[in-house]
Amino acid sequence: MTIRPILRYPDRRLAAPARPVTAFDDGLRELAADLLETMRAAPGIGITAPHIGVPLRVVVLELDAKEGPQTYVNPEIEWASSEMILHREGSVSMPGVNDEVQRHARVRISYQDVDGNTRTEESDGLRAVCHQHEIDQLDGMFWIQRLSRLKRDRLVKKFEKMSRS
């Protein structure tokens, strides 16, 4: 397992849609292990392969130490509730900056595990927020794009100032 460099906003690779994974092999398992180590070192609770410059649809989440990490390959949202929630979000690619984002309260996703088995998962609360946040990233949508232009501009200025110091 290797801690990989994380791309920093506004790297244009963060805005590129990721390609589906087609090879479920040792390379994929190594990528998932590297993502986990990189996320823990950041620190963060979720990371995608595009965050480290790999344009593949792979997400690693670790929301609960008891439950451990989970890898989602080729995740897609199948259903989202009409009920919405506000949750404070940030990114390993824009450390030190966060804001409240409106998301669906519950979602159902389909995905594959690292062996290529198809699975579905329903989630709510923080896990649902993370699923939506990371799938957005895989689609090339950075989380601040969900904010108003005013809030987004403020956060970008704050991040630029923090990055200079």
Side-chain angles (χ1 to χ4, degrees), residues 1-21 30-65 67-77 80-81 83-107 109 111 123-165:
M1 294 188 289
T2 305
I3 296 173
R4 306 241 202 131
I6 295 173
L7 301 181
R8 292 287 187 234
Y9 178 84
D11 192 299
R12 70 185 194 297
R13 291 172 287 179
L14 293 169
R19 296 187 316 269
V21 170
E30 183 178 322
L31 173 61
D34 288 356
L35 282 168
L36 178 61
E37 282 302 302
T38 303
M39 179 190 70
R40 285 175 172 167
I45 60 173
I47 194 168
T48 66
H51 281 115
I52 61 168
V54 178
L56 292 174
R57 294 187 72 82
V58 180
V59 172
V60 173
L61 295 179
E62 189 171 38
L63 307 181
D64 182 331
E67 211 173 282
Q70 176 121 23
T71 301
Y72 301 88
V73 181
N74 300 325
E76 298 292 342
I77 295 174
S81 68
E83 179 190 355
M84 305 297 281
I85 58 172
L86 277 177
H87 198 280
R88 190 158 287 279
E89 297 184 27
S91 174
V92 294
S93 289
M94 198 179 210
V97 174
N98 57 67
D99 207 332
E100 288 195 330
V101 177
Q102 188 170 20
R103 298 279 186 183
H104 297 280
R106 294 182 315 284
V107 295
I109 65 167
Y111 66 98
S123 58
D124 60 11
L126 177 60
R127 186 170 295 274
V129 166
C130 290
H131 285 154
Q132 294 167 81
H133 175 104
E134 303 302 357
I135 290 171
D136 271 357
Q137 184 62 64
L138 295 177
D139 293 339
M141 177 181 272
F142 199 67
W143 72 276
I144 63 172
Q145 290 174 263
R146 295 248 177 223
L147 300 173
S148 70
R149 176 175 225 92
L150 179 65
K151 280 186 171 186
R152 186 170 53 242
D153 289 348
R154 252 191 229 142
L155 285 179
V156 169
K157 281 187 177 97
K158 180 180 177 184
F159 181 65
E160 287 169 346
K161 185 178 178 182
M162 289 169 47
S163 296
R164 283 192 299 268
S165 353

Between the side chain of [X] and the main-chain N/O of [Y], is any donor-acceptor distance below 3.5 Å?
X	Y	answer
D136	M141	no
D34	T2	yes
Q132	A128	yes
D11	R13	yes
S93	Y9	no

Could you tell me whether the side chain of [Y] reaches within less than 4.5 Å of the side chain of [X], counting heavy atoms only?
X	Y	result
M162	P95	no
R57	I135	yes
V60	T38	no
F142	Q137	yes
V101	H133	no
L147	R154	no
R106	E83	yes
V156	E160	yes

TODO: Report the C-alpha separation of E89 and R103 in whole Å, then their side-chain angles, then the decisive distance to 0.1 Å, and conclude whether the salt bridge (charged side-chain N to carboxylate O under 4.0 Å, His left out) test is met.
DONE: CA-CA 10 Å; E89 297 184 27; R103 298 279 186 183; 2.8 Å; yes
Task: Residue list, salt bridge (Lys or Arg N to Asp or Glu O under 4.0 Å) with K158, at least two apart or on another chain - done: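 Salt bridge (Lys or Arg N to Asp or Glu O under 4.0 Å) list for K158, sorted by chain: empty.
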- [ ] Under the side chain to side chain contact (heavy atoms under 4.5 Å, CB included) rule, what do Y111 and Q70 come out as? Steps first, then yes or no, please.
- [x] CA-CA 11 Å; Y111 66 98; Q70 176 121 23; 3.0 Å; yes
Atom pair [atom1] ([X]) and [atom2] ([Y]), whose distance is rounded to the nearest 0.5 Å:
X	Y	atom1	atom2	value
I144	N98	CD1	CG	12.5 Å
H51	E134	NE2	CD	6.0 Å
E62	E67	CD	CD	10.0 Å
I3	R40	CD1	CZ	10.5 Å
L35	E30	CG	CD	11.0 Å
I6	M94	CD1	CE	14.0 Å

Please name the pair of heavy atoms, one in [X] and one in [Y], separated by the smallest distance, quoted to 0.1 Å.
X	Y	answer
R127	Y72	NH1-OH, 3.1 Å
A42	V92	CB-CG1, 3.7 Å
P50	L56	CD-O, 3.5 Å
V97	W143	O-CZ2, 3.8 Å
N74	P20	OD1-CA, 3.2 Å
I45	M39	C-SD, 3.3 Å

TODO: Please check if atom CZ in R12 has more than 12 non-hydrogen atoms from other residues, nucleotides or ligands closer than 6.0 Å.
DONE: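 12 or below, so no.
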Open item on the list: Tell me if the CE atom of M1 is crowded by more than 12 foreign heavy atoms within 6.0 Å.
Closed with: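 Counting neighbours around CE of M1, 12 or fewer heavy atoms of other residues, nucleotides or ligands fall under 6.0 Å, so no.
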Task: V59: which of I47, I109, T48 passes side-chain contact (heavy atoms from CB on, under 4.5 Å) - done: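 So, applying the side-chain contact (heavy atoms from CB on, under 4.5 Å) to V59 and each of I47, I109, T48, only T48 qualifies.
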